[in-house]
Amino acid sequence: MDMGKVPERHVASTTAAVEGGRYPLDTVGRVKAEWVWRELWTQARTEGCSDEVLRLAVIVGVVRASGAGGLAPLRRAEVLATRCGAYRPRARKLLVVRSKWKSLHTVDVADDLHVVLAAWLKRRAALVAEHIGGGAVEALFVTVHHTKRSGGVIKQVGLPLDAPGLLWSWKRWATGQNVRHAGELGWEALPMRFEQVRRAWWQPSE
């Protein structure tokens with residue numbers, strides 16, 4: 001549903017959900033969202049950066065870049081569906097499929113995003129080669145550690161990242177930042193849902 005055009009019959013239930021602390025939750029400010037990107041980029045450029053932080057930096061950077069031009073930033077499913085071969089490094093373009101329009105869109109990749117994206121592509125190739133043995137994995141974003149799913153199923157490193165994996169990746173990083181900056185004057189805790197950050201790049205600058 002386009003949240004900018006909510007039918008009147010949904011207004012009452014939506015208002016009650018907000019007042020009750022349920023979805024839709026408040027969007028962080030644009031300044032806070034930009035801080036998230038800069039902090040992740042800085043961490044991703046630090047020697048010894050973990051695979052998970054590097055991957056998250058690229059995801060956040062791609063979502064941020066996709067919000068240019070007035071379009072809604074990429075949604076979770078669209079991020080996860082992005083293919084490795086969709087990036088054109090010379091042209092600095094990333095091709096993504098927008099599910100709402102069921103068509104290809106081009107995301108312009110600025111220099112800062114290109115740096116971490118290029119680093120991730122190298123790290124990703126090594127992960128897939130080591131754990132999948134050169135198997136065909138088209139997803140741009142893959143798992144970086146073995147993950148236990150419901151039923152005791154173990155998801156192997158190098159396989160396509162799924163929605164729960166992305167959810168927990170963000171939660172781990174956001175929790176770490178909240179602990180690190182707790183008590184600092186003016187610090188506002190990061191939300192546990194990245195959606196609250198994503199929507200900030202679809203609003204006028206503050």
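By convention here, the first residue in the shown sequence is residue 1.
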- request: Please step through side chain to side chain contact (heavy atoms under 4.5 Å, CB included) for the pair Leu94 and Thr106, ending with a clear verdict.
  value: CA-CA 6 Å; Leu94 179 67; Thr106 300; over 6 Å; no

Look only at the side chain of [X] and the backbone of [Y], and say whether a donor-acceptor pair between them is shorter than 3.5 Å.
X      : Y      : result
Ser66  : Leu74  : yes
Thr143 : Leu161 : no
Arg55  : Trp120 : no
Ser50  : Val53  : yes
Lys32  : Glu188 : yes
Ser99  : Val97  : no
Arg98  : Ala72  : yes
Arg198 : Pro73  : yes
Trp41  : Asp112 : yes

Restricting to side-chain hydrogen bond (donor to acceptor under 3.5 Å, both in side chains), what partner residues turn up for [X], sequence neighbours left out?
X      : result
Arg123 : Asp51
Lys171 : none
Glu52  : Ser169, Arg172

Starting at [atom1] of [X], measure out to [atom2] of [Y] and round the result to the nearest 0.5 Å.
X      : Y      : atom1 : atom2 : answer
Arg199 : Asp26  : CZ    : CG    : 8.5 Å
Leu127 : Lys122 : CG    : NZ    : 14.5 Å
Leu80  : Phe141 : CG    : CZ    : 8.5 Å
Trp168 : Met192 : CH2   : CE    : 10.0 Å
Gln156 : His146 : CD    : NE2   : 6.0 Å
Leu140 : Leu121 : CG    : CG    : 6.0 Å

query: Should Leu166 and Val137 be counted in the same cluster of Ile, Leu, Val, Met, Phe, Trp and Tyr side chains packed under 4.5 Å apart?
result: yes

Side chain to side chain contact (heavy atoms under 4.5 Å, CB included) between His105 and Glu78, intermediate numbers included: CA-CA 11 Å; His105 284 242; Glu78 295 168 333; over 6 Å; no

For [X] versus [Y], what's the shortest heavy-atom pair and its separation?
X      : Y      : answer
Val79  : Ile59  : CG1-CG2, 4.0 Å
Thr27  : Ala200 : CG2-N, 3.3 Å
Val197 : Ala33  : CG1-CB, 4.0 Å
Val58  : Val116 : CG2-O, 3.4 Å

task: Assess whether side chain to side chain contact (heavy atoms under 4.5 Å, CB included) is satisfied between Lys155 and Asp162, documenting all intermediate values.
output: CA-CA 10 Å; Lys155 185 159 187 177; Asp162 57 16; 3.3 Å; yes

- request: Identify, with sequence neighbours excluded, every residue that meets ring-ring contact (aromatic ring centres under 6.0 Å, His included) alongside His181.
  value: Trp35, Trp187

statement: Trp173 meets the ring-ring contact (aromatic ring centres under 6.0 Å, His included) criterion, sequence neighbours left out, with Trp170

query: In terms of the angle between their ring planes, are His114 and Tyr87 parallel, tilted or perpendicular, with boundaries placed at 30° and 60°?
result: tilted

- request: Output all residues satisfying salt bridge (Lys or Arg N to Asp or Glu O under 4.0 Å) with Arg92, sequence neighbours left out; order by chain, then residue number.
  value: Asp111

